[in-house]
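Okay, so here's the structure we're looking at.
In this chain, numbering begins with 1 at the start of the sequence shown. Just so you know, these numbers come straight off a predicted model, no measurement behind them.
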Amino acid sequence: MKTDVRVLRKADWSIWYGTLARAFGGALESSVERDLWEALTEHDRSLGLWDGDECVGTAGAFTFRVTVPGGASVPAAGITMVSVAATHRRRGLLRTMMRRQLDDIRAWGEPLAVLTASEPDIYGRFGYGIATQALSAEVDTSRVRLSVPPGTDGVRLRYAAPGEVLDACEAVYAQRVPERPGMLARRPGWERLGLLDPESERGGQSPLQCVVAERGADVVGYARYRIKPDWDHRGSDSAVHLSELEALDPAAHAALWRFLFDIDLTTMIVAPGRPVDEPWLHMVSDIRRCSVRLRDALHVRLVDVGAALEARTYQTPVDVVFEVEDAFCPWNAGRWRLTGDSKGASCKRTDEAADLALSVRELGAAYLGGVSLASLAGAGRVRELRQGALTEASVAFASAVAPWLPHGF
C-alpha cells in the first residue's frame with residue numbers, strides 16, 4: 001500500500017471531512033455546524049492522507065495565539081480534526097501525519113503546537129504533555145448556598161438574544177484572554193462557535209439563552225446556558241446547563257453565578273469545562289454537593305524549545321540547564337540554559353552540565369504553569385542532577401492563575 005500526504009484542496013473538503021466524521025462515529029451534524037467548520041478550516045494548513053482516490057486520514061492546524069505566563073500571546077498551531085480510517089489502522093499513518101505536521105509548524109516559525117485529545121494516551125509519544133485541566137461540576141442548588149462579595153448588588157443583569165449581544169460578549173472575552181495562560185485569542189469567525197445551537201444536539205435542552213451583566217453602560221460579563229426540563233409527581237427537577245461564562249471582576253462573576261443558582265424551577269447547575277481555580281468554589285456552602293471532578297484539557301508540544309521558553313516569563317528568578325530528550329523532533333534534543341525572571345527570559349544551547357533531565361513532553365506539561373515539575377519528578381519523569389534545581393525551576397515555572405482552555409477546537 002502506498003499512501004500520499006497532501007495539502008487539502010478546497011474541492012476535497014467534503015470528502016476529507018466525511019472521513020473525519022466517519023472516524024468519530026459517523027453522526028450527522030447540522031448543516032449550520034458543518035458550514036461553520038468548513039469556513040474555519042485553513043486548507044493550506046490541513047493535510048489529507050490518500051490511498052489512491054480514497055481519503056484515509058485527516059489532520060489540520062488552526063492558526064492560534066495562546067496566552068502564556070506573563071501575559072504574552074504566542075503563536076501556536078491548534079492541531080485538530082485528526083483521524084485515520086479504521087481500514088488503515090496500525091500502519092504508521094498517524095505517525096506519518098504527525099511527522100509532516102510538526103515539520104510544517106517548525107517551518108512556519110510557530111514555537112508551540114496545542115491540541116485536545118479524544119484519547120489522552122495517543123499524543124504523548126509525539127511529545128505532547130497535558131498542560132491544563134478542566135473542572136466540571138454538578139451543583140445541587142437545592143442544598144448549596146452561594147455567598148457573594150460586596151458590590152454584587154450593583155451589577156445589573158438582563159436577558160438578551162445571544163446573537164444580538166455577540167460583539168459585546170466577545171469584547172469581554174477578549175479582555176479576559178491576557179489574564180489567564182492557556183486562553184486562545186479568537187480570530188474572526190471563531191466567535192460563532194459559542195452560538196452553535198442545533199436542535200438535534202440539545203438532548204432535550206432549551207434553545208441557547210444569554211444573560212449579560214452590566215455596570216452603567218458597560219457590559220462586564222455574560223453567561224450562555226440552556227435549561228433541561230425534568231418534571232415528576234413532586235414537581236420540577238430541572239437543570240441549568242452552563243455553556244459559557246466570563247466576567248471582568250468579582251462582583252460581575254458573583255452576580256452571574258447567583259443568577260444561575262436562583263433560576264426558578266431548577267435544582268441543579270451542570271457546569272463543564274471550567275477553570276480549576278474559579279472563585280465560586282470558595283463561595284459555596286457545601287463543596288461536596290458540587291460533585292467536582294477534573295479532566296485533561298489542553299495538550300502542549302514545544303516545537304522550538306528555545307523560542308517557547310523565551311516567550312514566557314517566570315514567577316521567580318531561574319537559572320537552570322535542561323537536558324532535553326526529544327526523539328521525534330531531534331532539533332530540540334540536548335542541553336538548554338534557561339535564565340529568566342518576571343521581566344523576561346533567555347534560553348540558549350549550552351555545553352554546561354545539566355541541572356535537570358526530562359523529555360519535551362514534561363516541558364510541555366509544565367509550560368503554562370499548571371503542572372509542577374516537582375510533581376513530574378515524583379512520577380519519575382524529571383531527574384534532578386543538581387541539588388536545589390528542581391525546587392528553583394518548579395517555583396519559577398508556576399503561574400499565579402491556573403491555565404485554562406476556554407473551548408475546544
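In this structure, R301 pairs ionically with D326, as a charged nitrogen and a carboxylate oxygen lie closer than 4.0 Å. A salt bridge is absent between D286 and R145: the closest approach of a Lys/Arg side-chain nitrogen to an acidic carboxylate oxygen does not fall below 4.0 angstrom. Salt bridge present: R180 and D277 bring a charged side-chain N and a carboxylate O closer than 4.0 Å.
To the nearest 0.5 Å, atom CE of residue M268 and atom OG of residue S238 are 11.5 Å apart. To the nearest 0.5 Å, the span separating CG on L245 from CG on L256 amounts to 5.0 Å.
Considering only heavy atoms from C-beta on, E384 comes within 4.5 Å of L356 through its side chain. Inter-residue side-chain proximity for S118 and F24 is flagged as met; some heavy-atom pair is nearer than 4.5 Å. L373 is listed as a side-chain neighbour of L390, based on a closest heavy-atom distance under 4.5 Å. The shortest distance between side-chain heavy atoms of W336 and V324 falls below 4.5 Å. Using a 4.5 Å heavy-atom cutoff, the side chains of M81 and W37 are in contact. Using a 4.5 Å heavy-atom threshold, the side chains of T339 and V318 count as separate. Between V139 and F261, some side-chain heavy-atom pair lies under the 4.5 Å cut-off. Two residues are said to be in side-chain contact when any heavy atoms from C-beta on lie closer than 4.5 Å; D249 and R215 meet this criterion.
Taking each heavy atom of F322 and L338 in turn, the nearest pair found is CE1-CD2, 3.9 Å. Scanning all heavy atoms of the two residues, the minimum distance from L115 to F409 falls at CA-CZ, 3.7 Å. When all heavy atoms of R6 and G52 are compared, the pair lying nearest together is NH2-O, 3.5 Å. Smallest separation of non-hydrogen atoms from V300 and A131: CG2-CB, 3.6 Å. In this structure, V56 and T19 approach most closely via the heavy-atom pair C-CG2, 4.1 Å. Residues A113 and V303 approach most closely at N-CG2, 3.8 Å, considering heavy atoms.
With sequence neighbours left out, R234 forms a salt bridge (charged side-chain N to carboxylate O under 4.0 Å, His left out) with D232. Residues that satisfy the ring-ring contact (aromatic ring centres under 6.0 Å, His included) test with W404, not counting sequence neighbours, are absent from this structure. Shown here are the side chain to side chain contact (heavy atoms under 4.5 Å, CB included) partners of E310, two or more places apart in sequence or in another chain: S346, C347, K348. Contacts of R45 classified as salt bridge (charged side-chain N to carboxylate O under 4.0 Å, His left out), with partners at least two apart in sequence or in another chain: E42, E110. With sequence neighbours left out, the side chain to side chain contact (heavy atoms under 4.5 Å, CB included) criterion links A255 to T152, V155, L157. For the ring-ring contact (aromatic ring centres under 6.0 Å, His included) test, residues two or more places apart in sequence or in another chain that qualify with Y17 are W13. Considering only residues two or more places apart in sequence or on other chains, E214 meets the salt bridge (charged side-chain N to carboxylate O under 4.0 Å, His left out) condition with R156, R158. A search for salt bridge (charged side-chain N to carboxylate O under 4.0 Å, His left out) contacts involving D296 returns nothing, not counting sequence neighbours.
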Query raised in the report: Under the salt bridge (charged side-chain N to carboxylate O under 4.0 Å, His left out) criterion, do R91 and D51 qualify, and how do the steps go?
Result: CA-CA 12 Å; R91 303 183 191 183; D51 182 358; 5.3 Å; no
Query raised in the report: Which is it for Y225 and E244 under the side chain to side chain donor-acceptor pair (under 3.5 Å) test, yes or no, and what are the steps along the way?
Result: CA-CA 7 Å; Y225 65 95; E244 188 173 351; over 6 Å; no
Requested in this report: Carefully, step by step, assess S83 and T58 under the rule side chain to side chain donor-acceptor pair (under 3.5 Å).
Outcome: CA-CA 5 Å; S83 72; T58 64; 2.7 Å; yes
Query raised in the report: Does the side-chain contact (heavy atoms from CB on, under 4.5 Å) test come out yes or no for Y314 and D341, once each step is laid out?
Result: CA-CA 5 Å; Y314 297 86; D341 54 25; 5.8 Å; no
Query raised in the report: Can W50 and D12 be said to form a side-chain contact (heavy atoms from CB on, under 4.5 Å), step by step?
Result: CA-CA 11 Å; W50 298 80; D12 292 330; 4.0 Å; yes
Query raised in the report: Does the pair T266 and S236 meet the rule for a side-chain contact (heavy atoms from CB on, under 4.5 Å), with working shown?
Result: CA-CA 7 Å; T266 66; S236 176; 6.0 Å; no
Requested in this report: Could you walk me through whether W231 and L265 pass side-chain contact (heavy atoms from CB on, under 4.5 Å), step by step?
Outcome: CA-CA 9 Å; W231 293 76; L265 303 176; 4.0 Å; yes
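Sorted by first and then second residue, the salt bridge (Lys or Arg N to Asp or Glu O under 4.0 Å) pairs with a member in residues 127-139 read E138-R293; sequence neighbours excluded. Applying the salt bridge (Lys or Arg N to Asp or Glu O under 4.0 Å) test to residues at least two apart or on different chains, the pairs with a partner in residues 330-339 are D319-R337, E323-R335, R337-E352. Residue pairs meeting the salt bridge (Lys or Arg N to Asp or Glu O under 4.0 Å) criterion with at least one partner in residues 120-132, sequence neighbours excluded, are absent.
Counting only distance, with no hydrogens or angles, the side chain of R65 and the backbone of S73 share a donor-acceptor pair below 3.5 Å. Proximity of a side-chain donor or acceptor of R202 to a complementary backbone N or O of D197 within less than 3.5 Å is detected. Between the side chain of R99 and the backbone N or O of F328 there is at least one donor-acceptor pair closer than 3.5 Å. In this structure, T3 contributes its side chain and L49 its backbone to no donor-acceptor pair below 3.5 Å. In this structure, the side chain of D355 does not engage the main chain of R386 through any donor-acceptor pair within 3.5 Å. A donor-acceptor distance shorter than 3.5 angstrom exists from the side chain of S30 to the backbone of E33, with no hydrogens or angles considered. A distance-only check finds no donor-acceptor pair linking the side chain of T41 to the backbone of H43 [under 3.5 Å].
For the residue pair D237 and T267, a side-chain donor N or O sits within less than 3.5 Å of a side-chain acceptor on the partner. Side-chain atoms of E362 and S359 form a donor-acceptor pair, as typed in the model, at a separation below 3.5 Å.
Residues F64 and W190 place their aromatic rings such that the two centres sit under 6.0 Å apart.
R95 forms no cation-pi arrangement with F126, by the criterion of a distance under 6.0 Å to the ring centre and an angle within 45° of the ring axis.
Annotation for D351: atom CG does not count as buried by contact number, only 12 or fewer foreign heavy atoms lying within 6.0 Å.
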For residues 168-179, which side-chain donor-acceptor pairs fall under 3.5 Å, sequence neighbours excluded?
unit_1: E170; atom_1: OE1; unit_2: R186; atom_2: NH2; d: 3.0
unit_1: E170; atom_1: OE2; unit_2: R186; atom_2: NE; d: 2.9
unit_1: Y173; atom_1: OH; unit_2: L184; atom_2: O; d: 2.7
unit_1: R176; atom_1: NE; unit_2: E246; atom_2: OE1; d: 3.3
unit_1: R176; atom_1: NE; unit_2: A247; atom_2: O; d: 3.3
unit_1: R176; atom_1: NH1; unit_2: E179; atom_2: OE1; d: 2.5

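None of D103, D104, T96 except one satisfies the side chain to side chain donor-acceptor pair (under 3.5 Å) rule with R100; the exception is D104.
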